[in-house]
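Everything on this sheet refers to the single structure shown next.
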Amino acid sequence: MNLSRRHFLVLAPAAAIAWKAVLAGTPDQAANYKLSDHWWGMLIDVPKCIGCGNCVRACATENDVPDGYFRTWVERYHVNDENMTNPEVISPDGGKEGFPVAAEDAGKYFFVPKMCNHCADSPCTQVCPVGATFVSPDGVVLVDPKYCLGCAYCVQACPYGCRYIHPEKKTADKCTLCYHRITKGLTTACCENCPTGARQLVDLKNPKDPIHEFLKTHPVQVLKPQMATGAKAYYNGLDGSVR
Amino acid sequence: MNAFKDAGHLFRFAGLFVLAFIIFLVVRGYVVPKSFGQYGHYRGNAITDIAAHPAKFAGHEACETCHSDVADAKNKGKHAHVNCEACHGALAKHAEDPASVTPAKLDTAILCARCHTASAAKPKGFPQVNPADHSNGVPCETCHQPHNPAIADAGGAK
């Protein structure tokens with residue numbers, strides 16, 4: 001064999017790089033759904049929520065959410081006239097079985113459904129050390145359970161408390177915005193089962209989506225705007241005491 | 001070539017280093033999934049994996065393909081915007097194979113009360129009653145047809 005050491009040193013890495021390119025091949029493509037055509041979010045109409053807990057139950061059923069863990073939950077605020085800055089907040093079992101009857105009392109009551117805000121500049125995805133969580137090209141924050149180590153860094157990073165470590169899988173788990181439904185043309189389980197239309201799935205890239213008209217005509221805000229997370233769960237009629 | 005005199009041990013070490021690098025590239029080629037980096041620093045096929053989960057709620061469009069009579073009755077009343085599975089539960093299996101799974105009979109005493117029990121916390125315009133006082137134990141569906149609950153309109157509803 002006449003291959004000199006010098007030639008070997010040049011050719012071997014080149015061959016390795018070429019082989020790597022061959023191994024890479026072309027990635028699999030999703031069928032009938034174009035990622036670039038969508039930018040998903042959620043509209044939550046606070047004055048319409050009656051605190052029935054249908055969304056929490058539907059989410060648990062649809063996504064096999066273990067007992068005591070929540071991908072979505074409902075909080076009941078009681079803001080007292082004399083103590084506006086310290087609202088009393090309850091969420092018994094995430095509001096799954098509804099709420100205790102509130103007697104007529106001083107102050108105001110309202111329900112606030114909470115869920116992953118599917119932030120465009122999501123703090124949870126930025127801290128993942130292994131590339132297991134990400135914002136998909138259509139704007140949904142997802143977890144890859146095959147890559148997740150369960151380090152829970154993302155659970156700490158989420159300013160909205162929307163993540164948990166799944167007690168059996170030991171990986172981070174969260175709202176997927178029913179990704180398996182919305183990519184098939186269905187709405188999310190929580191929206192499908194909301195009896196008053198307090199929750200609506202929105203596609204901000206769809207010019208026909210009524211969200212565009214709604215955002216123009218209503219005072220809408222996101223949770224914790226000061227954190228600049230690019231949250232895409234838009235709350236209509238949200239009280240200033242909500243955190 | 002005087003510069004390389006007595007440098008054989010260095011070349012051997014360099015060769016070892018290059019070999020280790022090649023082995024690293026080859027192993028990396030096998031271990032890192034093909035779709036990693038397709039859209040960003042994550043496995044692109046995770047998206048298709050998550051999208052492949054089966055749905056458990058069929059969606060009201062699926063219900064309406066067979067039960068259009070119920071949908072028509074419901075759409076005339078106040079419950080027009082309440083989707084089927086909000087009361088009847090997750091029935092994708094029934095939608096796929098109607099004979100295999102039949103929806104359970106519902107208990108209006110629980111279902112109606114879940115939304116309509118009076119509470120100061122609920123929006124003022126939402127119809128609310130105190131179930132004990134309101135019907136004295138008479139089941140809700142005696143007067144209100146769930147698909148079209150207003151008593152005056154109940155004639156054609158199921």
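Note: hydrogens, waters and symmetry copies are ignored here, and every other heavy atom, side chains too, is used. What you see is a predicted model; the values in this text were computed from it and never measured.
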Turns out that what part of Leu186(A) lies under 4.5 Å from chain B's heavy atoms comes down to side chain
Chain A shares the most heavy-atom pairs under 4.5 Å, among Gly125(B), Ala52(B), Cys115(B), with Cys115(B)
- Message: Looking at Ser35(B) and Gln38(B), would you say the former's side chain and the latter's main chain have a donor-acceptor pair under 3.5 Å?
- Response: no
Applying a strict 4.5 Å limit to non-hydrogen atoms, the region of Phe57(B) in contact with chain A is both
### Query
Looking at Asp138(A) and Lys205(A), does any basic side-chain N land under 4.0 Å from a carboxylate oxygen?
no
Under 4.5 Å to a heavy atom of chain B? For Cys49(A) that would be backbone
Checklist entry - Between Thr183(A) and Tyr179(A), is there a donor-acceptor pair closer than 3.5 Å when you use the side chain of the first and the backbone of the second? => result yes
Note: vs chain A, highest number of non-hydrogen pairs under 4.5 angstrom among Lys124(B), Arg114(B), Lys122(B) is Arg114(B)
Most contact-rich option vs chain A, by heavy-atom pairs under 4.5 angstrom, among Pro33(B), Ala92(B), Gly37(B), is Pro33(B)
Turns out that what part of Ala58(B) lies under 4.5 Å from chain A's heavy atoms comes down to backbone
Cut-off 4.5 Å, heavy atoms of chain A, and the answer for Ala55(B) is both
Whatever's closer than 4.5 Å to a heavy atom in chain B on Pro137(A) counts as both
Scan side-chain atoms only and decide if Thr72(A) and Arg199(A) contain a donor-acceptor pair under the 3.5 Å cut-off. yes
Chain B shares the most heavy-atom pairs under 4.5 Å, among Cys55(A), Ala102(A), Gly51(A), Ala58(A), with Ala102(A)
If you measure from the Lys or Arg side-chain nitrogens to the Asp or Glu carboxylate oxygens, is any gap between Arg43(B) and Asp49(B) under 4.0 Å? yes
Honestly, the part of Val140(A) sitting under 4.5 Å from a heavy atom of chain B is neither
Shortest non-hydrogen pair, Ile182(A) vs Tyr33(A), comes out as O-CE1, 4.3 Å
Chain B shares the most heavy-atom pairs under 4.5 Å, among Lys48(A), Glu97(A), Arg57(A), with Arg57(A)
When the 4.5 angstrom heavy-atom criterion is applied to Ala118(B) and chain A, the contacting part is backbone
(Q) Can a donor-acceptor pair be found, under 3.5 Å and without considering hydrogens, that links the side chain of His144(B) to the backbone of Pro149(B)? (A) yes
Tightest non-hydrogen contact, residues Ala62(B) and Ala95(B), listed as CB-CB, 4.5 Å
If you tally heavy-atom pairs under 4.5 Å between each of Cys52(A), Pro195(A), Ala132(A) and chain B, the highest tally belongs to Pro195(A)
If one checks every heavy atom of Phe110(A) against chain B at 4.5 Å, the contacting part turns out to be backbone
**OP:** Indicate yes or no for a side-chain donor-acceptor contact from Asn63(A) to the backbone of Val65(A) under 3.5 Å, with no hydrogens or angles considered.
**Re:** no
Could you tell me whether the side chain of His67(B) and the main chain of Val70(B) form a donor-acceptor pair under 3.5 Å? no
So, do Phe99(A) and Phe111(A) have ring centers that fall under 6.0 Å from each other? yes
Residue pairs passing the salt bridge (Lys or Arg N to Asp or Glu O under 4.0 Å) test with at least one member in residues 175-196 of chain A, sequence neighbours excluded, are Glu62(A)-Arg181(A)
Residue from Thr117(B), Ile50(B), Val82(B) scoring the most non-hydrogen pairs under 4.5 Å with chain A is Ile50(B)
If you tally heavy-atom pairs under 4.5 Å between each of Ala46(B), Ser119(B), Gly89(B) and chain A, the highest tally belongs to Ser119(B)
Cut-off 4.5 Å, heavy atoms of chain B, and the answer for Thr196(A) is both
Okay, Pro54(B) and chain A: the region with an atom under 4.5 Å from a heavy atom over there is backbone
